[in-house]
Amino acid sequence: MELTREEIAAVAERKRAAYEAVIGLEVHVQLKTASKIFCGCSTRFGDPPNSNVCPVCLGLPGSLPVLNRQVAELATRTALAINCQVREQSIFARKNYFYPDLPKGYQISQYDRPLAEHGRLEIHVPTGGAGKKTRKKRIDITRLHLEEDAGKSLHEGLPESEAKTYLDFNRCGVPLMEIVSEPDLRTPEEAYAYLTTLKQVLEYIEVSDCDMEKGSLRCDANVSVRPVGTEKFGVKTEVKNLNSFRYLAKALEYEIDRQVALLESGGRIEQETRLWNTQAGRTEPMRSKEHAHDYRYFPEPDLLPLVMDAAWVEDIRRAMPELPAAKEARFVEHYGLSDYDAEVLTANRALADYFEATAAKAPNAKTAANWIQTELLGALKEAGQEISRSPVPPQALAELLQLVEDGTLSGKMGKTVFEKMFASGKSARAIVAAEKMEQITDAGEIEKLCGEVLAKNADKVEQYKKGKQALFGFFVGQVMKATRGQANPRRVNDTLKKLLG
Amino acid sequence: MKITRKDVEHVAALAHLELREEEREHMRQQLDDILTYVDKLNQVDTSQVEPMAQVLAPSRADAALRDDAVGPCLPRQQALAAAPDADETFMKVPKVIER
């Protein structure tokens, strides 16, 4: 029974709260290698169709696969980063099914002895509301295994597409790892947070480009619902094609609502594979699973077991870069940042590196953190620019902060100078010199300026002295205006107070 | 009897094989013989023996790995030549329909 979008929305609206979703994610990650997993063909994206193929990845008779060492290395690095136990001997298995983009008639994967198991990842889930508060949750990871990608079927847009399917085997044999989570996720937000954290780790340890548009990060979800307060899992569906962060939450919300509405309408959930249809904004049944679970796995006789001995694993562990969670904790500890600031600044490695390079030269790490988050990230976002290509390098920002710190510039002037730096790529000192922007800090000069303002506004001074305290701000404003914002505001304040008695 | 006609039909369907009536019985008999023989092998005590799917036992961790280096591929013309149906760029198969 398939309900319409409207029927689903109407029922789910009322009944959603009575159910809890149970979600597990299967994430496919393309490993960053030059060559394929079992042969020397290039993995380059966007090459002409069928130009990176050979007897091994085409499954021609007599060819034999040989595992790429870098694949073992990158996957093990990932396994350690997500706290998995790495199996000393894992084995490859054949997963048998027929589809034209799989020329051998089987996919080389891993089955009962995967590379790694029993991992975990801590995620930050927004608690909702206006604040920036998050709560932490631990998500267990079932397994991480290696496999080869399939080719690409083109069903439309070619001369004989009416009658034929066209095949491009460039992707066939591209190295993938599949990371399977336990069904620990309860909401689309948690699923989103999990995928975000996982992607962040993968990028930190440089094992994948994680480019969803190019298919180097793909996500499927297992989804079921159960009445709140019950333990038993409901029948699950597998939702495929969740290939952007934008659609992950949407597709999960839809599928959860669909299951709730179906159960509430007296229907039964079919265990099936469903495809997220972006245009229609719904999940649709994909194929009958009658035989689909019978892949007749058996050990791949053409490949030896993969042996990750203790020494090799230890080498990989030692070379592991600092992970996001550790960096975040260190930023709080070492620089005195708030949890929130540390989380923002460790979102990716380039940003974290930028902050540290700035903090090393800047007078104050916290101030540096603030400027990066408000001024720099804002300007980058507006310009659609990556931090790695920031027109203001860390040393230049640190120099600007030094000028603000020593009083050469007021905070407000600093921001103006920053904008000019960002637009021109010039240094803060060059801009200050060229535009004569230096702050007026000389006590004598400030006293003279304040005196002039008070003399010009004798009537207001009179009112102030009679108790109209609010006028103080007016005097400050007049001095700042007269100096085009270049007078040191604190000194102006002090001086005016003194003069007004 | 270890293998029923139903088992044969199931396995044939998974392998996309269409068997004639007499072939079904023939296959059933053959598969049955094979499993009977495997039963005999199972009489040997292997509780102290590691399972082995390959004839080469892994010895050194490095022995069966290759470096991540791009090697020569097949020229496209040659790669496509083996396909029953292809144009200059793609292999072609009858339109894929879900079974």
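Quick note on labels: first sequence line is chain A, next is B, and so on, each numbered from 1.
Environment of CD in B/Glu22: crowded, with over 12 heavy atoms of neighbouring residues, nucleotides or ligands closer than 6.0 Å. The number of heavy-atom neighbours closer than 6.0 Å to NZ of A/Lys32, taken from other residues, nucleotides and ligands shown, is above 12.
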Before you tell me yes or no, could you show the steps for A/Ser35 and B/Val70 under side chain to side chain contact (heavy atoms under 4.5 Å, CB included), namely the whole-Å CA-CA distance, both residues' side-chain angles and the distance that decides it to 0.1 Å? CA-CA 5 Å; A/Ser35 65; B/Val70 174; 4.3 Å; yes
Would A/Arg69 and B/Asp68 count as a salt bridge (charged side-chain N to carboxylate O under 4.0 Å, His left out) if you check the C-alpha gap in whole Å, the side-chain angles of each, and the deciding distance to 0.1 Å? CA-CA 6 Å; A/Arg69 179 181 289 106; B/Asp68 181 27; over 6 Å; no
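Contact record, A/Leu167 with B/Phe90: O-CD2, 3.4 Å, taken as the closest heavy-atom pair. Minimum interatomic distance between A/Ser51 and B/Cys73 (heavy atoms only, all atoms of both residues): O-CB, 3.9 Å. Closest approach of B/Asp67 and A/Asn68 over heavy atoms only: C-OD1, 4.2 Å. Taking every heavy atom of both residues into account, B/Glu50 and A/Arg113 meet most closely at OE1-NH2, 4.4 Å. Heavy atoms only, all atoms of each residue included: A/Phe98 and B/Leu14 are closest at CE1-O, 3.2 Å.
Both the backbone and the side chain of A/Leu67 come within contact range of chain B, with heavy atoms under 4.5 Å apart. Heavy-atom distances place both the backbone and the side chain of A/Pro55 under 4.5 Å from chain B. For A/Glu300, the part sitting under 4.5 Å from any heavy atom of chain B is the backbone (N, CA, C, O) and nothing else. With a threshold of 4.5 angstrom between heavy atoms, A/Phe169 approaches chain B through side-chain atoms but not through N, CA, C or O. No part of A/Ile91 comes within reach of chain B, as not one of its non-hydrogen atoms sits under 4.5 angstrom from that chain. Only the backbone of A/Leu303 comes within contact range of chain B, with at least one heavy atom under 4.5 Å from a heavy atom of that chain. Only the backbone of A/Cys39 comes within contact range of chain B, with heavy atoms under 4.5 Å apart.
Between the CD atom in B/Gln78 and the SG atom in A/Cys54 there is a gap of 11.5 Å [rounded to 0.5 Å]. Here A/Asp168 contributes atom CG and B/Met91 contributes atom CE; the two are 9.5 Å apart, rounded to the nearest 0.5 Å.
A/Pro48 has its side chain out of reach of B/Thr89: every pair of non-hydrogen atoms, C-beta onward, lies at least 4.5 Å apart. Side-chain atoms of A/Glu162 and B/Lys95, non-hydrogen and from C-beta on, never get closer than 4.5 Å to each other. Side-chain contact check for B/Leu80 versus A/Asn50: some heavy-atom pair is nearer than 4.5 Å. Looking at heavy atoms from C-beta onward, B/Asp87 lies in side-chain contact with A/Tyr166 at the 4.5 angstrom threshold.
In this structure a side-chain-to-backbone donor-acceptor pair under 3.5 Å is missing from A/Lys164 to B/Asp85.
Between chain B and the options A/Pro159, A/Ala163, A/Pro49, heavy-atom pairs under 4.5 Å are most frequent for A/Pro49. If you tally non-hydrogen atom pairs under 4.5 Å between each of A/His155, A/Arg44, A/Glu88 and chain B, the highest count goes to A/His155. In terms of non-hydrogen atom pairs under 4.5 Å with chain A, the most contact-rich of B/Ala83, B/Pro72, B/Ala15 is B/Ala15.
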